[in-house]
Amino acid sequence: MIDGREQDKRKVLRVTLVADSPEHKSELKNALSGVAEPLLEVLDGGPPQGEAGAPATPADVALVAFNGNEAASLEYLRQQAAQSPRPVVFAVLQERSAGLMKRVIRAGADELFFSPLDTGELTGALLKISEARWRAEHAQGGTIISTVSLSGGCGVTSLCVNLGLAFRRSLDKRVALVDLDLQAGALPVMLNLEPETSILPLTHAERKFDSLLIESVLTRHPSGLYVLAAPKRIEESESVSEATVGATLDVMREMFDFVIVDCGDHISETTVAAWERSEHLFYVLEQSVTSVRAAWRFLDLFERLSLSLLEPRFIVNRCASGHAIDEKRLEETLGREIFAALPRDDRMMERVELEGRDLFELAGTSPLARSYEALARRISPVPEARQTASGGFIARLFSTFGGRS
Ligand SMILES: Nc1ncnc2c1ncn2[C@@H]1O[C@H](COP(=O)(O)OP(=O)(O)OP(=O)(O)O)[C@@H](O)[C@H]1O
Ligand SMILES: [Mg+2]
């Protein structure tokens with residue numbers, strides 16, 4: 001058991017200050033003294049002297065002032081970037097010159113700040129890091145994938161079911177689906193299941209959530225995939241709280257390789273509780289103006305939620321080649337990459353519904369099944385953020401704090 005003090009200690013971020021002169025160092029120190037959260041342990045990293053300036057155990061963050069010897073500071077950044085594990089490097093520049101910014105980024109800086117330092121900006125960047133560490137520490141076990149769309153009928157439930165089946169049937173993973181589209185409750189129907197139980201008993205469970213309790217409310221599909229169904233009656237969905245969803249997902253992550261959550265087509269506290277725990281969030285859209293508009297509305301709202309470590313990915317469903325709204329156009333309009341496109345196959349989806357057999361049983365080698373399988377392979381076995389560990393900021397956070405295997 002971790003007592004309160006130990007917990008606090010784990011939340012402390014170690015920040016090394018690196019600057020040429022004592023004045024510049026005290027400028028950094030002063031800015032950090034205004035940061036109320038996260039808790040910081042500030043270390044003196046000396047001047048930027050490469051090896052000599054690097055501590056034996058790298059700090060979580062190195063705050064490097066560029067105000068004197070640029071060459072030495074750049075070299076310091078390069079050496080920090082080559083370490084494993086490495087600190088997240090914040091460079092503090094005196095001037096907003098594009099040339100300098102490029103050199104600093106190329107040398108390995110993760111974030112740029114400008115003097116005089118803004119405590120608010122610094123707080124935001126440090127909170128991102130402490131959040132990432134918290135998530136990396138707590139995320140032992142499987143990967144949680146949330147799916148959503150603000151335009152109904154786009155294929156959110158189909159994505160959950162078929163991605164889940166692809167993980168299960170093609171990659172032999174332990175998979176569970178969670179129906180958080182609480183009012184529709186359509187997920188088991190698509191799998192031809194009639195669940196006898198649902199998430200409802202968890203809402204008034206008095207005991208601690210553990211795998212035995214969760215297992216008692218799951219329904220098994222013949223493929224070996226499990227489903228946590230929505231309550232039978234619409235009015236019962238009201239009693240499912242964000243705390244129930246959070247605690248349920250925390251335990252399910254330990255039981256399964258992949259937990260896929262159907263968040264339906266509206267956003268609530270319960271869906272946000274799932275997103276806070278997700279490694280991936282897939283937004284499903286179609287090749288239509290209304291669907292793109294809805295995606296825009298979603299992006300606007302998502303940005304205001306400030307879930308800094310989760311980047312929504314866009315998946316086009318029922319994608320038809322030759323359509324006026326092609327992938328390139330969607331990407332231009334949204335300003336986001338289309339992560340995957342799933343082909344339209346009305347006949348196959350109709351057969352799935354009518355025959356009560358799943359897509360992989362019926363046509364495991366069809367283009368539609370293959371596109372779900374390709375998506376599953378792209379996400380498995382490690383979250384994408386870690387596959388590109390040498391690349392982006394988030395990837396570096398994962399490599400800094402040690403990822404999950
Ligand atoms: N790639 C596809 N090609 C053809 N039909 C599809 C495809 N994907 C889904 N469908 C069909 O579209 C319909 C709607 O799909 P689905 O129920 O998955 O959407 P949804 O976004 O979950 O809808 P809702 O908003 O009602 O929850 C279903 O009948 C499904 O069979
Ligand atoms: Mg649905």
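The structure presented is a predicted model; accordingly, all values stated were derived computationally and were not measured. No hydrogens, no waters, no symmetry mates; every other heavy atom, side chains included, goes into these values. Just so you know, ligand 1 is whichever comes first in the structure, and atom 1 is the first atom listed for that ligand.
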Please verify whether a non-hydrogen atom of [X] lies at under 4.0 Å from ligand 1.
X	answer
Met190	yes
Asn317	yes
Pro343	yes
Ala184	no

[atom] [closest protein heavy-atom partner, distance rounded to 0.1 Å]:
atom	value
atom 31 (O) of ligand 1	Glu353 OE2, 3.2 Å
atom 5 (N) of ligand 1	Met349 CG, 3.4 Å
atom 11 (C) of ligand 1	Arg318 NH2, 3.6 Å
atom 3 (N) of ligand 1	Asp345 N, 3.0 Å
atom 4 (C) of ligand 1	Asp346 OD1, 3.3 Å
atom 19 (O) of ligand 1	Gly155 N, 3.0 Å
atom 25 (O) of ligand 1	Gly153 N, 2.8 Å

Taking the side chain as every heavy atom from C-beta outward, state whether [X] and [Y] have any atom pair closer than 4.5 Å.
X	Y	answer
Leu74	Val104	yes
Asp181	Leu187	no
Val245	Val261	no
Tyr226	Ile214	no
Leu122	Phe90	yes

Of all the heavy-atom pairs spanning Ala19 and Leu28, show the shortest one and how long it is.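 Scanning both residues completely, I find the closest heavy atoms to be CB-CD1, 4.4 Å.
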Among Val161, Leu165, Leu359, which residue meets the side chain to side chain contact (heavy atoms under 4.5 Å, CB included) test with Tyr372? Leu359
Classify the angle between the aromatic ring planes of [X] and [Y] as parallel (below 30°), tilted (30 to 60°) or perpendicular (above 60°).
X	Y	result
Trp275	Phe298	perpendicular
Tyr283	Phe314	tilted
Phe282	His280	parallel

Counting only N and O atoms by type, is there a donor-acceptor contact under 3.5 Å from the side chain of Glu331 to the main-chain atoms of Arg336?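 Between the backbone of Arg336 and the side chain of Glu331 there is no qualifying donor-acceptor contact (under 3.5 Å).
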Residue [X] vicinity, atoms of ligand 1 by number, heavy atom under 4.0 Å:
X	answer
Asp265	25 (O)
Gly152	25 (O)
Arg344	3 (N)
Asp181	27 (O)
Val156	18 (O), 19 (O), 20 (P), 21 (O), 22 (O)

What protein atoms of element N, O or S are positioned under 2.8 Å from the Mg ion (ligand 2)?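 Metal shell, protein only: Thr157 OG1.
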Quick one: CZ on Arg313 to OG1 on Thr147, what's the gap to the nearest 0.5 Å?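 One finds 15.0 Å between CZ of Arg313 and OG1 of Thr147.
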Taking the basic N atoms (NZ, or NE/NH1/NH2) and the acidic carboxylate oxygens, is any pair closer than 4.0 Å for Glu332 and Arg329?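 So Glu332 does not pair with Arg329 through a salt bridge.
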Would you call Asp257 and Arg174 a salt bridge, using N to O less than 4.0 angstrom? yes
List the steps and the verdict of side chain to side chain contact (heavy atoms under 4.5 Å, CB included) for Val64 and Tyr76. CA-CA 9 Å; Val64 185; Tyr76 181 86; 3.8 Å; yes
Between the candidates Ala186, Ser158, Ser371, which shows the shortest non-hydrogen contact distance to atom 9 (C) of ligand 1?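 Going through Ala186, Ser158, Ser371 one by one, Ser158 has the nearest heavy atom to atom 9 (C) of ligand 1.
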Geometric N/O contact Ser151 with ligand 1, under 3.5 angstrom: no
